[in-house]
Amino acid sequence: MKKILLTSIVSLCFLQVKSQISISSARAMATGTTVTVRGIITNGPELGTIRYFQDGTAGIAAYSATMDNVLRGDSVEVTGVISPYNNLIELNPVNSYSVISSNNPMPAPFEVDMASGYNEIYESRLVRFNNSTFISTGTFATSDANYDITDGSLVSAETRVNHLSNIAGTPIPAGPLDIQGIMSQYLSTYQLLVRDLSDLILPGNPPVFTTSLFQSGITTTSFDISFSTQSPGSTIIYYGITETLGSVISDGVMVTDHLISLSGLTAATLYYIKAASVSSSGDTSFSAITPMLSRSLSTQSIKCYFTRPVDNSVAQGINAISLAQIMDDTLIAYMNRAKYTMDVAIYNMDNSNGIIDAINAAYNRGVLVRIIGDGENMGSSAWNELQLPAANKKLSPVSVDYGIMHNKFMVIDAESADPNDAILWTGSLNFTNEQINNDANNVIIFQDQSLAKAYEIEFGEMFAGDFGSFKTNNTPKEFNIDGSRVELYFSPTDDTEGEIKRVAESADHDLEFSVFSFTRITITYSIDDRTGAGVWGGGIIDDTANLDYGYSVLQQHMPNSLFVANNSYIVHHKYLIVDANAPGLDPAVLTGSHNWTNSAQTKNDENTVVVHNASVANQYYQEWVARYHDEGGVDLPSYLVGIYEQAKALPGFNFYPNPATEEITVSLPVRDDATIRITDISGKILEEIGVVHSENIQISTSQFTPGLYLLNIRQGNDFHSFKLIVQK
């Protein structure tokens, strides 16, 4: 009996030893086979839920949310089912796993060229390609995206950057470098998964740009340029009115946060900017050339109009304007103002309201008129009614690789000698009878020559035949319009989804949106993060939208303020409002033609503006409240009405006197560094001071006219807003 038992134990031990096999043996198993393998983990959460690991024979992937805490360098034993996903061999499901040890050294990457390295034998293993170059230029997107690279052995190969990586949002290196990562596969394409910035290995010890160039402090004759580098370096700016540059300004102080000012500039002029930074060892990093515009001499007005009734009961100073049934008259009136040029990029239009007649009239009185329409959607009758030469009309391509030309913008007299002639019209409105007289749309009109010139760059690129992914990221992003910051983004080159997420994540008090189509889960998470943190949120999505992407997630924190539109009209907006009811917290509106969809992000031609202006935000809020009530929304919380003064206590804080005359003293607890900002009730920044561990700060108010202002404090992640009264 003992002998039989001993034999059984030995047999069991033998089976347990044999149950753990090499990864190469596991990869050869049939789909559905349960295997147990061991290896070293080569990635962490920067690639999401998946974990790659390898032993001395091969690599394999494990897909399981239960392994989220497993990190690089962990030695693991994993039992799971062989289950290829889009040709990538995975263990899914993972039945069990155990971490044997941690902080093990990474397996040495295989140094290969791209002609041989994009191969099944390297799948799920670390590889390295030396002397490589990114073919793609610009900035890494903040969403998952693919980029072309080459080392000369192939025309190009594909690398993929996950939105969770610290690479996302940083400049794409312009020069040769070594690239390492994990070789993966999607369908028939092998992809190099670059994990973080340490996988981009530049020669020497250069400072390495970690941000793109940012423009601020914009005036008619000057602006500031800032950027960050991974390591300390000097600050050098090359600039000029052509891409050959020609002028240079520099600062030899070694820093990682760089700031330099350009002066002596000309108003409403496009400047090309390239930055460099030199480390103490003499190694240099360069940025890509970035276009920037100085402020214009235009009157710089911003007007908002809406096609359906608005709710003026929530107005804060300026009543929003509904042009129900007469938006066509306004559009035609602007077309009639054109003196020299009129460029229109429009997804769809008809002549039911005389819009095409107005375009023809402009051309016939000598205005240079050019039209871009969508190749699939522009009806032949409307297109044929245009009395323009064939050379003045352009349709976007019809191709499986291209989406749609979905813009709805018009640029008038951008290059006029009179800066007040320049007009930019944009928003969600197509030039059709149904869109004008029935559907819910918004229009925003800027009298600003700088913004009009930026749109002309985009228009010219499309008119020359470059649409969608064939365009380049070549337009300025930052504008100062009547003291308000305005941002501009074009799809698909400018990672507009990343900007939508950033604006949503900036909300500190309230957030509202109204969108025709919403399918991007990453935007869902950005909104949910803020509403989950206590920001009041409300949303309206048109009932034609696919609601499988995160609708239930959004409902968690806005159960009574999220609606699927149920009206006879289409909710055709694509806008997002943040902090409309907290003027001191940088209220902003994001609007344009960009639906929150994959096609808008990756294929379509779209445009988006972000306007940091409390009055504009409130006007859009008046529109949103009307749509909210149309959907059966109940009374809004009282703190969404009127000027919000944040009541959250800030221990140790005080400011006096209030009312003020010539000066106030702000007392802050010695804690994190702070930013103190004074704005008027429209949100225009009048004073901004950075405070470093100081208790008492004196701020002059002598330059302010009597009235109500907002004093705003930002310390770390905390925001505080207080009313300040100035009397004389």
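The aromatic rings of H573 and Y575 sit tilted relative to each other, their planes meeting at an angle between 30° and 60°. Using bins of under 30°, 30° to 60° and over 60° for the plane-to-plane angle, the ring pair F490/Y455 lands in the perpendicular bin.
Heavy atoms only, all atoms of each residue included: N604 and G403 are closest at OD1-CA, 3.3 Å. Closest heavy-atom contact between K603 and P492: N-CB, 4.1 Å. Taking every heavy atom of both residues into account, Y147 and A141 meet most closely at OH-N, 2.7 Å.
Atom OH of Y525 is surrounded by 12 or fewer heavy atoms from other residues, nucleotides or ligands within 6.0 Å. Counting heavy-atom neighbours within 6.0 Å of I326 CD1, excluding the residue itself, gives a total above 12. For N566, the CG atom sits in a loose shell: 12 or fewer heavy atoms of surrounding residues, nucleotides or ligands are nearer than 6.0 Å. Annotation: D635, atom CG; neighbour count of heavy atoms from other residues, nucleotides and ligands within 6.0 Å does not exceed 12.
The pair R520-E497 counts as a salt bridge, with a side-chain nitrogen and a carboxylate oxygen less than 4.0 angstrom apart. A salt bridge links E623 to R627: one of the charged nitrogens lies within less than 4.0 Å of a carboxylate oxygen. Here K477 does not pair with E499 in a salt bridge; the nearest charged N to carboxylate O distance is not below 4.0 Å.
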Side chain to side chain donor-acceptor pair (under 3.5 Å) evaluation trace for N351 with E385: CA-CA 8 Å; N351 202 28; E385 286 181 65; 3.2 Å; yes
* Asked: So Y272 and Y239, ring-ring contact (aromatic ring centres under 6.0 Å, His included) or not? Walk me through it.
  -> CA-CA 5 Å; Y272 294 93; Y239 66 101; over 10 Å; no
Run W624 and Y628 through ring-ring contact (aromatic ring centres under 6.0 Å, His included) and show every step you take.
CA-CA 6 Å; W624 186 86; Y628 171 82; 5.0 Å; yes
* Asked: For D605 and K471, what are the C-alpha separation, side-chain angles and deciding distance, and is it a salt bridge (Lys or Arg N to Asp or Glu O under 4.0 Å)?
  -> CA-CA 9 Å; D605 284 298; K471 296 184 305 184; 2.6 Å; yes
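Tested against Y569, the residues N441, D630, N438, D439 include a single side-chain hydrogen bond (donor to acceptor under 3.5 Å, both in side chains) partner, D630.
Residues F513 and F518 bring their aromatic ring centres within 6.0 Å. No close placement of the F431 and Y347 rings is indicated, their centers lying 6.0 Å or farther apart.
Here the OG1 atom belonging to T679 is positioned 9.5 Å from the CG atom belonging to D586, to the nearest 0.5 angstrom.
Take D482 and apply the side-chain hydrogen bond (donor to acceptor under 3.5 Å, both in side chains) test, not counting sequence neighbours, and it matches no residue.
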